[in-house]
Visitor: 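What follows is a structure written as structure tokens; I'll ask about it next.
Just follow the structure's listing: the first ligand is 1, and inside any ligand the first atom is 1. Since this is a predicted model, take the numbers as computed values, not measurements.
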Amino acid sequence: MIDARLVERLVDIVGPKWVLRDSNELHVYSFDATPIVQAFPDVVVMPGSTAEVAEVLKLANDHGIPVIPRGSGTNLAGGTIPVQGGIVLNMTRMNQIYEVDEKNLTATVGPGVVTGEFHKTVEAKGLFYPPDPGSMRISTIGGNVAQCAGGMRGLKYGVTKDYVIGLEYVLPNGQILRCGGKNYKDVAGYDLTRLLVGSEGTLAVITELTLKLLPLPETKRTLSVFCTSLVDAARIVERTISARIIPATMEFLDQATMRVVDDFSHLGLPRDVAAMLLIEQDGPEEQVVRDVERIVQIARSEGAVDVQMAKTPEESAKLMTARRAALAALSRLRPTTILEDATVPRSRLAEMVEAIIRISEKYQVQICTFGHAGDGNLHPTCMTDERDEAEIARVEQAFEEIFATALSLGGTITGEHGVGMTKMKYLSQRVGEGGIELMQAIKAAFDPNGILNPGKVVAKAFRPRMVVRQP
Ligand SMILES: Cc1cc2nc3c(=O)[nH]c(=O)nc-3n(C[C@H](O)[C@H](O)[C@H](O)COP(=O)(O)OP(=O)(O)OC[C@H]3O[C@@H](n4cnc5c(N)ncnc54)[C@H](O)[C@@H]3O)c2cc1C
């Protein structure tokens, strides 16, 4: 519990308007997009500058108070749940785009900039920032970087870590440091920029980011490919890539997801096919036309029952938006939606999808699957009801088996959503005990008092102060 004197010190640092203590406000910050887990902070602080972040951290560090950095709270791994109470540090006031440098093709921004707004700003200048998580209309760049978010364009363009070239960050003791900058090449010392990307708020608070930009692709085309078997869909993905064509997007939706997305978005998708691939290619007109023709040939030769090309940019945007709404659409089915993140080498995609179906039947739980097929990154999503303890126990068993299968196929427990608190129990299976010990040593070097986002990623003990069920 933070005493009144410390709260007054926080008010002195950021101003009374930016310290939230009301129980309704604290309730808002007691959960994020992750189902079932919830815990209340003591106070929420919204800093407006790096200097304020440094002062808050120093105060918290001196008094051993947990600090949980937070963007928009859209993560799906419990990453912003204040499991030991303390201060939730809401970074959304630091939302300035400081510079779009058209000579160096970089942008420098505050962590609270909303991803979709950043896209619009750079695209208006003919530039392109590819990382596009499904949550991009709400998520922040700071959250994307701390989580190393992926998205639908990851296949051709990579993920957030491929675009972060410089950071300003604050250590728990209040020290303000920088790594990287505008240089595209920089090997001076250990690559702390890469280390901080994906550190999930456990090492430092990121206060400014320098991002790499690309020229905006000249044109794009969107295809919907419908298949009567999951294996056909997976083979189309494999054959396209082995034909040396790398589409910007190659998304997969199984039949159950397609139906729900269609009910939600009214696209008129067929109801009787087993799977859909949503494929987008971008680039110079001539190359896009050539690639699309070749993809259509491959799809037909691998048994696709129908291939449709979006006729207008609006139609193509509608398809992509509908795919981004898959989680929202599925969450209408039952009270609790658990979206997971099993990832395999793309050549093992069909085996993984079939295993998920088998496992959901074995445990009698409802799991739909969609995801970034080109990256082998699947989102098996379970529609359940957290009030039914017996069912939740079966869901846990099913996911345990799904992750074990992904690992046995050479895959991983998370492709883009991070470890947070919900994947901690699987981490040693992926990185080994030695890997965890090394990560804990890194954590201790940055944060010797363990105040930053405690109970997450590599925490030694997971002791939630208060985890209650959602109402
Ligand atoms: C509908 C939906 C679709 C999604 N689609 C995708 C997708 O396609 N790809 C994908 O990768 N993810 C996806 N996600 C997950 C999530 O949106 C991303 O992880 C996103 O990057 C989180 O951004 P945020 O601003 O909400 O961060 P938050 O959830 O607030 O925080 C995420 C993590 O970053 C830390 N953090 C936040 N800001 C800072 C900072 N300034 N300094 C240090 N640490 C910080 C937090 O402590 C936490 O550990 C989706 C989520 C939803 C709900």
Visitor: Look only at the side chain of K443 and the backbone of V458, and say whether a donor-acceptor pair between them is shorter than 3.5 Å.
Guide: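 Judged by distance alone, no pair lies under 3.5 Å.
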Visitor: Going through the checks in order, is the ring-ring contact (aromatic ring centres under 6.0 Å, His included) test met by Y29 and F40?
Guide: CA-CA 7 Å; Y29 291 88; F40 285 74; over 10 Å; no
Visitor: Examine the proximity of ligand 1 to N453 and report which part, side chain or backbone, both or neither, has a heavy atom under 4.0 Å away.
Guide: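 The side chain, only.
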Visitor: Can you name the closest pair of heavy atoms from T115 and T140 and give their distance?
Guide: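 Heavy atoms only, the tightest pair is OG1-C, 3.7 Å.
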Visitor: Nearest heavy-atom pair of Y98 and G110: which atoms, and what distance?
Guide: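 Heavy atoms only, the tightest pair is CE1-N, 3.6 Å.
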Visitor: Provide, to 0.1 Å, the distance between atom 27 (O) of ligand 1 and the closest protein heavy atom, together with that atom's residue and name.
Guide: G143 CA, 3.4 Å
Visitor: What is the closest protein heavy atom to atom 32 (C) of ligand 1, and at what distance does it sit?
Guide: Q147 OE1, 3.1 Å
Visitor: Give a yes or no answer on whether the side chain of T222 reaches the backbone of E280 with a donor-acceptor pair at less than 3.5 Å.
Guide: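 It does not hold such a pair.
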Visitor: Using a 4.0 Å cut-off to any heavy atom of T74, which atoms of ligand 1 qualify?
Guide: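 The atoms of ligand 1 under 4.0 Å from a heavy atom of T74 are 15 (C), 16 (C), 17 (O), 20 (C), 22 (C), 23 (O), 24 (P), 26 (O), 29 (O), 51 (C), 52 (C), 53 (C).
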Visitor: With respect to atom 17 (O) of ligand 1, which of S139, S135, A149 exhibits the smallest heavy-atom separation?
Guide: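 Answer by nearest heavy atom: S135.
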Visitor: Can you list the atoms of ligand 1 that are under 4.0 Å from a heavy atom of G71?
Guide: 25 (O), 28 (P), 30 (O), 37 (C), 38 (N)
Visitor: To check you understand the geometry: which heavy-atom pair defines the closest contact between T34 and N75, and what is its length?
Guide: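 For T34 and N75, the tightest heavy-atom pair comes out as OG1-O, 3.3 Å.
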Visitor: Atom 47 (O) of ligand 1: which protein heavy atom is closest, and how many Å away?
Guide: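 Minimum-distance protein heavy atom for atom 47 (O) of ligand 1 reads P69 O, 2.6 Å.
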Visitor: What do we get for P111 next to ligand 1 when only non-hydrogen atoms under 4.0 Å count, side chain, backbone, both or neither?
Guide: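 Near ligand 1, P111 shows its side chain, while the N, CA, C and O stay back.
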Visitor: How far apart are the closest heavy atoms of V114 and R137, and which atoms are they?
Guide: CG1-O, 3.4 Å
Visitor: I need the contact type for L327 against ligand 1. Using non-hydrogen atoms and a strict under-4.0 Å cut-off, is it side chain, backbone, both or neither?
Guide: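 The answer is the side chain of L327.
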Visitor: Mind checking whether A328 contacts ligand 1 via backbone (N, CA, C, O), side chain (CB onward), both or neither, at a 4.0 Å heavy-atom cut-off?
Guide: neither
Visitor: What protein heavy atom sits nearest atom 21 (O) of ligand 1, and how far away is it?
Guide: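 Minimum-distance protein heavy atom for atom 21 (O) of ligand 1 reads N144 ND2, 2.8 Å.
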Visitor: Return yes or no for this condition: an N or O of R70 is under 3.5 Å from an N or O of ligand 1.
Guide: no
Visitor: Quick test: of every protein heavy atom, which one is nearest to atom 28 (P) of ligand 1, and how far off is it to 0.1 Å?
Guide: G73 N, 3.5 Å
Visitor: Which ligand 1 atoms are under 4.0 Å away from a heavy-atom of M91?
Guide: 41 (N)
Visitor: Counting only heavy atoms, tell me which of G142, C148, P82, A204 gets closest to atom 43 (C) of ligand 1.
Guide: A204
Visitor: Any idea which atoms of ligand 1 are less than 4.0 Å away from a heavy-atom of A146?
Guide: 34 (O), 35 (C), 36 (N), 44 (N), 45 (C)
Visitor: Select the closest option to atom 49 (O) of ligand 1 among E200, M152, R153, judged by heavy-atom distance.
Guide: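 Among E200, M152, R153, the closest heavy atom to atom 49 (O) of ligand 1 comes from E200.
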Visitor: Grab the two heavy atoms, one from S139 and one from M136, that are nearest each other, plus how far apart they are.
Guide: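 Nearest heavy atoms, S139 then M136: OG-CA, 3.7 Å.
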Visitor: Relative to each other, are the rings of H417 and H379 parallel, tilted or perpendicular (30° and 60° limits)?
Guide: parallel
Visitor: Using every non-hydrogen atom in the two residues, find where L196 and A204 come nearest and quote the distance to one decimal.
Guide: CD2-CB, 4.0 Å
Visitor: Centre-to-centre under 6.0 Å for F252 and F370, is that the case here?
Guide: no
Visitor: Quick one: nearest non-hydrogen protein atom to atom 31 (O) of ligand 1, plus distance?
Guide: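 Ranked first by proximity to atom 31 (O) of ligand 1 is T80 CG2, 3.6 Å.
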Visitor: What protein heavy atom lies closest to atom 5 (N) of ligand 1? Include the residue and the distance to one decimal.
Guide: G134 N, 3.1 Å
Visitor: What do we get for K456 next to ligand 1 when only non-hydrogen atoms under 4.0 Å count, side chain, backbone, both or neither?
Guide: neither
Visitor: Counting heavy atoms only, which part of E416 comes closer than 4.0 Å to ligand 1: side chain, backbone, both or neither?
Guide: both
Visitor: Between K58 and E55, is the closest basic N to carboxylate O distance under 4.0 Å?
Guide: no
Visitor: Between ligand 1 and D32, can you find any atom pair, the residue atom being a heavy atom, that is separated by under 4.0 Å?
Guide: no
Visitor: Taking 4.0 angstrom as the limit, do R324 and D132 come out as a salt bridge?
Guide: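 Salt bridge: yes.
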Visitor: Heavy atoms only: which of L203, I206, L76 is nearest to atom 40 (C) of ligand 1?
Guide: I206
Visitor: Would you say D341 and E416 make side-chain contact, with heavy atoms under 4.5 Å?
Guide: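 D341 vs E416: side chains touch.
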Visitor: List every atom of ligand 1 that sits less than 4.0 Å from any heavy atom of H417, numbering the atoms from 1 in the order shown and giving each element.
Guide: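 Close to H417: 10 (C), 12 (N), 13 (C).
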Visitor: Decide if atom NZ of K161 counts as having more than 12 heavy atoms of other residues, nucleotides or ligands within a radius under 6.0 Å.
Guide: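 Not buried by this count: 12 neighbours or fewer within 6.0 Å.
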Visitor: When only distance counts, is G150 in polar contact with ligand 1, meaning an N/O pair under 3.5 Å?
Guide: yes
